[in-house]
Amino acid sequence: MPKIILMGPPGSGKGTQGEILSALWNVPRIAPGDIFRAEIKQGSELGLRVKAFSDSGRLVPDEVVIDVMRTRFSQPDTQSGWILDGFPRTVPQAEALNDLLAELDQKFDRVINLDVPEPVLVERILLRAQEQNRADDTEEVIKNRLEEYYAKTRPLLEFYGTHVVQIDGIPSLENVTEAIQQQLVIA
Ligand code: AMP
C-alpha cells in the first residue's frame with residue numbers, strides 16, 4: 001500500500017488530491033490541518049492552543065504538530081499505508097517524521113510535490129474562500145500562509161532531494177490524479 005508525503009503550497013490542490021487518492025487506494029489521509037479544525041470546532045484544549053496560529057495562517061509550533069502526528073500514527077489504520085497531507089511542513093518536522101517512521105519500521109515511498117505558480121495559487125485560494133467560508137482564507141491570512149510556505153516548507157524539497165517527484169498541478173483534477181498514479185506505477 002502506498003505511503004506518500006504530499007507536498008505543495010496552499011491552493012495547489014493538495015487536499016483535494018489527498019482525498020481522491022485516499023479513496024482510490026483505500027488508505028487514510030492524514031492531515032493535521034483537518035485535525036486542528038476539528039479540535040478548534042470542539043473547543044478542546046488542543047483547539048484553543050492552535051486557534052490563533054491557524055486563524056492567522058501561521059504554522060503551529062513544531063512540538064505541538066509532532067505530538068499530534070505521533071498520536072495519530074499510534075492508531076492501527078496507519079500500519080499498511082497512508083497519505084500525509086500537510087505534514088511535514090518544516091525541517092524539524094521532517095526529521096521527527098524520519099525518527100517516527102524508523103521507530104515504526106516504516107518507510108515512505110515518494111514525496112509528491114504539486115507545482116503551481118503563485119498567481120494561480122492566490123486566485124484558487126480566494127475562490128475556495130468564497131465556496132467554503134474558511135476563516136483562514138482572507139487576503140491577509142493567505143499572504144501569511146504563502147509566506148510560511150516559502151520560508152519554512154519549500155526548503156523541504158531540498159531536504160527530501162531525490163525522493164521528490166514533481167507533478168504539474170495546473171491541469172484538471174483528473175489529470176493531476178492520473179499523473180500521480182503513473183509515478184507510483186513506474187516506481
Ligand atoms: P491546512 O489545512 O493544511 O492548510 O492547515 C491549516 C492550518 O493548520 C495551517 O495554516 C497551520 O496553522 C496549521 N497546520 C497544519 N499543518 C501544519 C503543520 N504541519 N505544521 C504547522 N502548522 C500546521
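As the structure lists them, so they are numbered: ligands from 1, and atoms in each ligand from 1. Quantities reported herein were computed from a predicted structural model and do not represent experimental measurements.
- A donor-acceptor contact closer than 3.5 angstrom is absent between the side chains of Glu148 and Thr153.
- Considering backbone and side-chain atoms alike, Asp34 places every N or O at 3.5 Å or more from each N or O of ligand 1.
- At a threshold of 4.0 Å, the pair Arg29-Asp85 counts as salt-bridged, since one of the basic side-chain nitrogens sits closer than that to a carboxylate oxygen.
- Heavy atoms of Pro10 stay at 4.0 angstrom or farther from ligand 1.
- Shown are Ile4, Ile167, Asn175; of these, the side chain to side chain contact (heavy atoms under 4.5 Å, CB included) with Ile180 is made only by Ile167.
- Heavy-atom contacts from other residues, nucleotides or ligands closer than 6.0 Å to CD of Glu139 number 12 or fewer.
- When heavy-atom distances to ligand 1 are checked against a 4.0 Å cut-off, Arg58 comes that close only through its backbone atoms N, CA, C and O.
- When Met69, Lys14, Arg89 are checked for heavy-atom proximity to atom 15 (C) of ligand 1, Arg89 turns out nearest.
- In terms of polar-atom proximity, Phe36 is not counted as a contact of ligand 1, lacking any N or O under 3.5 Å from an N or O of the ligand.
- Only the side chain of Val65 comes within contact range of ligand 1, with a heavy atom under 4.0 Å; no backbone atom does.
- In the vicinity of Arg37, heavy-atom distances shorter than 4.0 Å reach the ligand 1 atoms 2 (O), 6 (C).
- For ligand 1, the polar-atom distance check against Phe87 finds no nitrogen or oxygen pair separated by under 3.5 Å.
- Within the listing of ligand 1, atoms 16 (N), 17 (C), 18 (C), 19 (N) sit less than 4.0 angstrom from a heavy atom of Gly86.
- A donor-acceptor pair shorter than 3.5 Å can be found between the side chains of Asp62 and Thr90.
- With hydrogens and angles ignored, the 3.5 Å screen pairs no side-chain donor or acceptor of Ser54 with any backbone N or O of Lys51.
- Applying the 4.0 Å criterion to heavy atoms of Gln93 picks out, from ligand 1, the atoms 18 (C), 19 (N), 20 (N), 21 (C).
- Heavy-atom contacts of Phe53 reach the following atoms of ligand 1: 12 (O) (cutoff under 4.0 Å).
- Aromatic pair Trp82/Phe73: centroids less than 6.0 angstrom apart.
- Side-chain atoms of Ser44 never come within 3.5 Å of backbone atoms of Ile40 as a donor-acceptor pair (strictly under, hydrogens ignored).
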